[in-house]
Amino acid sequence: MGAPRVRFAPSPTGYLHVGNARTALFNWLFARKHNGVFVLRIEDTDEERSRSSLVDGILSGLSWLGMDPDEGPYRQSERTDRYAEVVEQLWEDGYLYACDCSREDVLARTRNNPTPGYDGYCRERELERGPRTALRFRTPDTGSTVVHDIIRGDVEFPHAAMEDFVCVKSTGQPLFVLANVVDDRDTKITHVIRGEDLLPTTPKGLLIWSALDERDSVPLPAFAHLPMLVNEQRKKLSKRRDQVAVEYYRDRGFLAEAFRNYLALLGWSPPGDREKVDVETLIREFRLEDVHRAGAFFDVKKLTHLNGEYIRELSTAEFIDAVRPWVAPEPERGWAPATGTPPWPAERFDEQIFAEMAPLVQERISVLSEVPSMVDFLFLDEPVIDEQAWSERVARDPRAQQILRSAIEAYEHCDWDRTAIQAATRAVVEMAGTNLSKGQAPIRLAVTGRAVGPPLFEPLELLGRTEVLRRLRSALSRVEAV
RNA sequence: GGCCCCAUCGUCUAGUGGCCAAGGACACCACCCUCUCAAGGUGGAGACACGGGUUCGAAUCCCGUUGGGGCUGCCA
């Protein structure tokens with residue numbers, strides 16, 4: 001095989017859809033593996049989709065995942081002259097005919113037709129082309145078209161069940177099925193790797209392809225139709241019900257490497273009992289013929305777990321760098337999540353303190369957006385109290401007051417480092433007749449505001465004796481008040 | 001309705017006629033570790049949709065049934 005040329009051809013929707021991201025990934029992996037070319041083409045023949053702002057999200061999504069195109073983006077909206085030329089040729093060669101039927105006409109006429117769809121009413125009417133006529137492709141009445149699919153084998157479509165489909169709108173605009181074929185030919189695409197939802201339209205494209213071959217023969221690409229990504233109801237991902245924008249996952253704090261790794265696992269798997277594999281392995285091991293045929297559920301839980309593994313594998317420095325958009329965003333200097341800013345004033349963020357906490361936080365999260373709520377108490381004047389936890393662990397616990405009071409006394413005198421604080425705390429809770437496991441709760445609530453979080457004694461040390469004592473006294477007076 | 005695709009644990013999958021009394025991962029349960037929570041460790045429960053063939057032998061091949069999905073636009 002010579003250097004293959006593949007293309008990712010989304011319609012512009014404003015964001016990169018996860019299903020499309022998976023399609024792009026499989027195209028990209030195939031191209032990288034075979035030293036081929038990854039072409040990006042924007043399918044915006046429909047004027048409503050041709051606003052260029054709708055392309056930006058796709059570009060940034062691809063870029064985030066490390067799949068910048070080698071060529072393109074080509075925009076179909078910029079190639080109308082070329083399509084017009086092809087339409088002229090097809091018309092002259094007798095493959096197209098004009099049709100002035102409205103949608104209602106067609107529907108009314110085909111209601112009793114055994115094979116729904118257009119019935120070929122205008123086929124022999126020899127209408128002239130005009131501003132009110134669409135152009136239909138004259139499909140053969142007999143025989144069939146076979147799609148040779150790398151993943152599915154040969155799929156046969158009888159022509160008898162194929163209607164004379166519209167190729168050109170009455171406005172003169174070409175439709176997707178035509179533009180798609182013209183572009184694949186003109187850009188010498190060798191492998192068409194796309195979603196299975198396009199399988200039924202493939203024979204139409206093939207018919208156009210061979211009609212065009214009459215004047216200029218171009219080798220047919222190989223086809224590979226990937227299984228759909230589905231939701232928990234086994235339906236294809238919809239933007240109405242499902243979180244389909246890649247951006248959404250980036251905002252939540254998924255790492256590009258983890259996201260890409262997870263996407264690769266949908267419909268394919270690397271050899272051996274392993275799933276967490278680096279991109280080089282993905283490229284080396286990926287084979288189109290090994291792609292699974294059934295639809296795959298996009299499982300955020302599994303993605304989340306994998307992301308946690310990737311996060312834990314980062315060095316502390318890399319981790320700090322990766323979380324920066326969530327703890328110290330600088331929107332004017334780089335990317336920042338669209339989901340909001342940290343709960344503390346930007347000037348209160350302390351790089352040193354955060355660096356101390358980072359390793360403790362890193363091993364407890366699976367998405368980066370979890371970080372702010374784990375360290376907010378360090379950068380806020382007052383901790384945000386989880387009232388439910390407070391009432392359970394402090395207000396309603398008879399030992400809480402004693403623990404808080406003794407902790408204050410102990411902390412006034414003990415050495416101020418994590419080890420000493422822990423030892424002092426252990427003595428306090430044991431004196432109160434409990435253990436560190438249960439007894440630390442009131443202290444944690446008083447200082448961090450929450451019942452759960454990173455280990456307690458490090459942040460106590462970082463916060464400083466004075467501030468810790470202040471928070472403990474404040475908490476104590478609150479319990480004593482009731 | 002028509003055409004097409006698909007079918008291994010709840011989920012993603014390994015399996016391409018004997019190595020499968022079906023392996024891994026997520027999720028779930030239990031235990032261990034432990035300052036909370038995670039992480040980690042150990043163990044557990046959990047699947048070849050069904051029915052016919054073919055074969056000495058089938059999760060693997062064929063047919064049918066059932067179930068799911070996609071397409072059926074002058075969207076892509």
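For clarity, every value in this text was computed on a predicted model and none was experimentally measured. Each chain gets a letter, A, B and so on, in the order the sequences are listed, and its residues count up from 1.
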### Task
Could you measure between the two P atoms, the one in B:rU36 and the one in B:rG15, and give it in whole Å?
43 Å
### Task
Not counting sequence neighbours, which residues clear side chain to side chain donor-acceptor pair (under 3.5 Å) with A:K302? List them please.
A:E275
### Query
Contact class for A:T425 vs. all strands (heavy atom < 4.0 Å): base, sugar-phosphate, or nothing?
nothing
### B:rG43 and B:rA49, which share atom name P, separated by this distance in whole Å
29 Å
### Query
Do the numbers put A:R136 on top of the ring of A:Y118, so that NZ or CZ is under 6.0 Å from the six-membered ring centre and no more than 45° off the axis?
yes
### Distance, P atom - from B:rC4 to B:rU65, rounded to whole angstrom
14 Å
### Message
Rounding to an integer number of angstrom, what distance separates B:rC26 and B:rC20 when you compare their P atoms?
### Response
23 Å
### Query
How long is the line joining OH of A:Y310 and C1' of B:rC26, in whole Å?
15 Å
### Summary
With sequence neighbours left out, the residues meeting side chain to side chain donor-acceptor pair (under 3.5 Å) with A:E88 are A:R129
### Distance in angstrom units between A:M162 CE and B:rG73 C1', rounded
17 Å
### Task
Can you tell me, in whole Å, how much space there is between the C1' of B:rA7 and that of B:rC48?
10 Å
### Message
Regarding A:A441, tell me which of base, sugar-phosphate or nothing describes its non-hydrogen contacts under 4.0 Å with the strands shown.
### Response
nothing
### By side chain to side chain contact (heavy atoms under 4.5 Å, CB included) - contacts of A:R399 (at least two apart)
A:D397, A:I403, A:A432, A:T434
### B:rA47 and B:rA14, which share atom name C1', separated by this distance in whole Å
13 Å
### Task
Give the rounded distance in Å between these two atoms: NZ of A:K236 and C1' of B:rG68.
15 Å
#### Entry: Per-nucleotide protein contact string for nucleotides 30-51 of chain B, where B marks a base within reach and S marks sugar-phosphate only (heavy atoms under 4.0 Å, - for neither)
-----BBBBSS-----------
### Task
Applying salt bridge (charged side-chain N to carboxylate O under 4.0 Å, His left out), name anything that partners A:D299, two or more places apart in sequence or on another chain.
none
### Query
Rounded to whole angstroms, how far apart are CD on A:Q173 and P on B:rA76?
9 Å
### Query
Which part of the nucleic acid, if any, lies within reach of A:E156 when heavy atoms closer than 4.0 Å are counted: base, sugar-phosphate only, or nothing?
sugar-phosphate
### Partners meeting salt bridge (charged side-chain N to carboxylate O under 4.0 Å, His left out) with A:D197 (sequence neighbours left out)
A:K236
### Task
Take atom CD of A:E196 and atom C1' of B:rG68, then tell me their distance rounded to the nearest Å.
12 Å
### Atom CZ of A:R393 with >12 non-hydrogen neighbours under 6.0 angstrom
no
### B:rA38 to B:rC32 separation - P atoms, rounded to the nearest Å
16 Å
